[in-house]
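Bear in mind the structure is a predicted one, so any value in this text is a computation, not a measurement.
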Amino acid sequence: MPPPSQPSVAGASAVVRWPLLAALLPLLPLLVLLLSLLVSLLGPRQQQLLILDGDEPVETQPFRLEDGWLGSPLLELRAEIPPNSSLLLDVDLLDAAGQPVLQLSKEGWREVGTWQEDGESGTYDEGDGAVELALRPRGSGTYRLRLVRQELLGASGDVLDGPLRVRLRMENHSVDRTLLLVTALVAAVLVRMLWMAVYGDCRLRRRLRRDEGTVAERLLLGGPGLLRLGVRARYEEPDDPPLRRDAPPAEVPMELSLSDSLGRTLLHERQSLRLHHHEGSDDAWWTVVSRSHLRLAEPCSVRVRVSLPEALAGGGLELEWLELLVEDGVVTPWSVEARSLPPPQPAPLPAWVPPPAAPSA
């Protein structure tokens with residue numbers, strides 16, 4: 001008789017932790033985003049209001065642009081364009097010596113009106129008067145902006161007089177928040193796929209389902225990794241329930257046995273599984289679930305057998321199906337309790353019987 005199985009902790013060959021480090025990948029873009037938000041909230045706010053009257057150039061107050069690894073400086077100009085008019089604005093970025101390092105022209109417009117469609121009406125106010133400059137300066141330093149209003153025309157093409165208000169907002173260490181969120185989401189999906197490839201893969205996976213109370217199968221099992229056995233069953237009320245029946249039990253007995261190629265017992269135990277009640281819109285059912293990990297160091301032919309009672313509560317519940325999932329060569333991200341099965345014993349050799357002596361002459 002082989003020695004009984006002993007509970008143990010999964011060894012180093014069955015525990016693979018390096019894929020868990022991949023969980024840091026989605027956190028990296030989120031960390032950059034968090035640092036950018038903290039710098040924006042705690043850093044100094046740089047905002048200015050400029051009044052452009054005529055075609056005279058107007059320069060902003062000096063501001064500082066910082067070059068670093070966290071994001072890049074962002075300059076945002078917003079012109080308050082009058083309704084139903086267009087704008088042409090020249091923007092020059094000047095360094096501390098007053099030399100232009102960037103020059104551009106911006107066309108802006110704004111249209112205000114009413115709309116009618118299918119008996120409904122409303123107003124709209126659309127326009128484009130913003131200039132966003134995400135740039136990387138050659139080095140940290142003091143800079144200024146010089147703005148020139150080239151033209152401000154009405155809807156009929158006439159020149160509009162009066163001041164034009166332009167607001168400037170400057171932010172150092174600006175990042176593309178949408179891109180960082182998408183990157184974090186894609187990285188999380190890739191990490192999930194990696195975990196499924198490592199922890200969801202095994203040498204052998206066999207799923208057996210029967211509509212009776214016993215499932216048995218002989219398989220070639222054992223070797224590196226763990227042997228995982230999953231048992232699921234479903235009970236339902238019969239079509240013709242008995243007149244007198246008992247209440248459903250809290251637990252259901254299950255018998256699990258493993259034997260080698262010669263029929264010798266490697267494992268035989270009885271477990272009590274909790275009976276879970278489920279209720280839908282028009283029916284009710286009960287389920288039991290079990291999962292166990294075993295260790296069989298050497299490959300051998302093993303017969304796995306699981307038994308559950310086919311009727312419960314005095315016939316008030318009947319077994320609809322019983323499912324056995326066998327996974328061999330499983331690795332886990334953390335240590336689990338696994339029972340070590342005894343190695344298969346070689347078949348005993350027949351006793352030697354001396355040949356009969358030859359008859360004497």
Side-chain angles (χ1 to χ4, degrees), residues 1-23 191-210 213-233 251-274 288-308 322-352:
M1 177 70 66
S5 62
Q6 298 293 331
S8 62
V9 176
S13 61
V15 178
V16 179
R17 291 193 175 94
W18 65 264
L20 298 178
L21 298 177
V191 170
R192 177 62 177 174
M193 295 174 60
L194 173 63
W195 288 354
M196 293 178 61
V198 175
Y199 302 121
D201 191 21
C202 56
R203 284 190 306 271
L204 180 142
R205 178 180 287 110
R206 182 68 60 85
R207 188 186 302 272
L208 305 171
R209 176 176 288 195
R210 302 287 186 270
T214 301
V215 176
E217 184 79 2
R218 180 168 293 279
L219 302 169
L220 182 60
L221 306 175
L226 298 178
L227 172 62
R228 183 163 58 199
L229 302 178
V231 178
R232 296 174 60 242
E251 296 181 342
V252 178
M254 182 190 74
E255 183 178 351
L256 173 64
S257 62
L258 282 79
S259 57
D260 61 8
S261 58
L262 299 179
R264 293 172 297 190
T265 301
L266 300 177
L267 175 69
H268 185 273
E269 66 176 8
R270 296 178 182 271
Q271 301 179 11
S272 295
L273 306 181
R274 184 174 180 83
V288 292
V289 179
S290 173
R291 173 178 290 188
S292 57
H293 292 84
L294 305 174
R295 181 192 301 279
L296 188 61
E298 300 179 10
C300 63
S301 177
V302 178
R303 184 174 184 267
V304 183
R305 182 177 182 275
V306 175
S307 296
L308 284 174
L322 171 61
E323 181 181 272
L324 171 63
L325 176 63
V326 182
E327 296 175 299
D328 188 32
V330 174
V331 297
T332 59
W334 46 76
S335 299
V336 297
E337 183 175 332
R339 287 163 291 180
S340 297
L341 301 182
Q345 302 294 327
L349 298 177
W352 181 79

With rounding to the nearest 0.5 Å, note down the distance linking [atom1] in [X] to [atom2] in [Y].
{"X": "Thr332", "Y": "His293", "atom1": "OG1", "atom2": "NE2", "answer": "6.5 Å"}
{"X": "Met254", "Y": "Ser272", "atom1": "CE", "atom2": "OG", "answer": "9.5 Å"}
{"X": "Arg232", "Y": "Leu322", "atom1": "CZ", "atom2": "CG", "answer": "10.5 Å"}
{"X": "Glu327", "Y": "Leu229", "atom1": "CD", "atom2": "CG", "answer": "9.0 Å"}
{"X": "Glu298", "Y": "Leu221", "atom1": "CD", "atom2": "CG", "answer": "13.5 Å"}
{"X": "Arg210", "Y": "Leu208", "atom1": "CZ", "atom2": "CG", "answer": "5.0 Å"}

For the student: nearest non-hydrogen atoms of [X] and [Y], plus distance:
{"X": "Leu220", "Y": "Ser301", "result": "CD1-N, 3.9 Å"}
{"X": "Ser261", "Y": "Arg218", "result": "CA-NH1, 3.5 Å"}
{"X": "Ala233", "Y": "Leu308", "result": "CB-CD1, 3.5 Å"}
{"X": "Leu296", "Y": "Pro342", "result": "CD1-O, 3.8 Å"}
{"X": "Pro333", "Y": "Arg17", "result": "O-CG, 3.3 Å"}
{"X": "Thr214", "Y": "Ser307", "result": "OG1-OG, 3.4 Å"}

Worksheet item: Is there a donor-acceptor pair under 3.5 Å between the side chain of Asp328 and the backbone N or O of Cys202?
Response: no

Item to complete: Report yes or no: does Arg203 contribute a side-chain atom to a donor-acceptor pair with the main-chain N or O of Pro224 at less than 3.5 Å?
Response: yes

Any non-hydrogen side-chain atom of [X] less than 4.5 Å from a side-chain atom of [Y]?
{"X": "His268", "Y": "Glu255", "value": "yes"}
{"X": "Val302", "Y": "Leu227", "value": "no"}
{"X": "Arg206", "Y": "Leu219", "value": "yes"}
{"X": "Tyr199", "Y": "Val331", "value": "yes"}
{"X": "Leu256", "Y": "Val231", "value": "no"}
{"X": "Arg339", "Y": "Leu294", "value": "yes"}

So with a 6.0 Å cut-off around [atom1] of [X], is the heavy-atom count from everything else above 12?
{"X": "Arg291", "atom1": "CZ", "value": "no"}
{"X": "Arg205", "atom1": "CZ", "value": "yes"}
{"X": "Arg209", "atom1": "CZ", "value": "yes"}

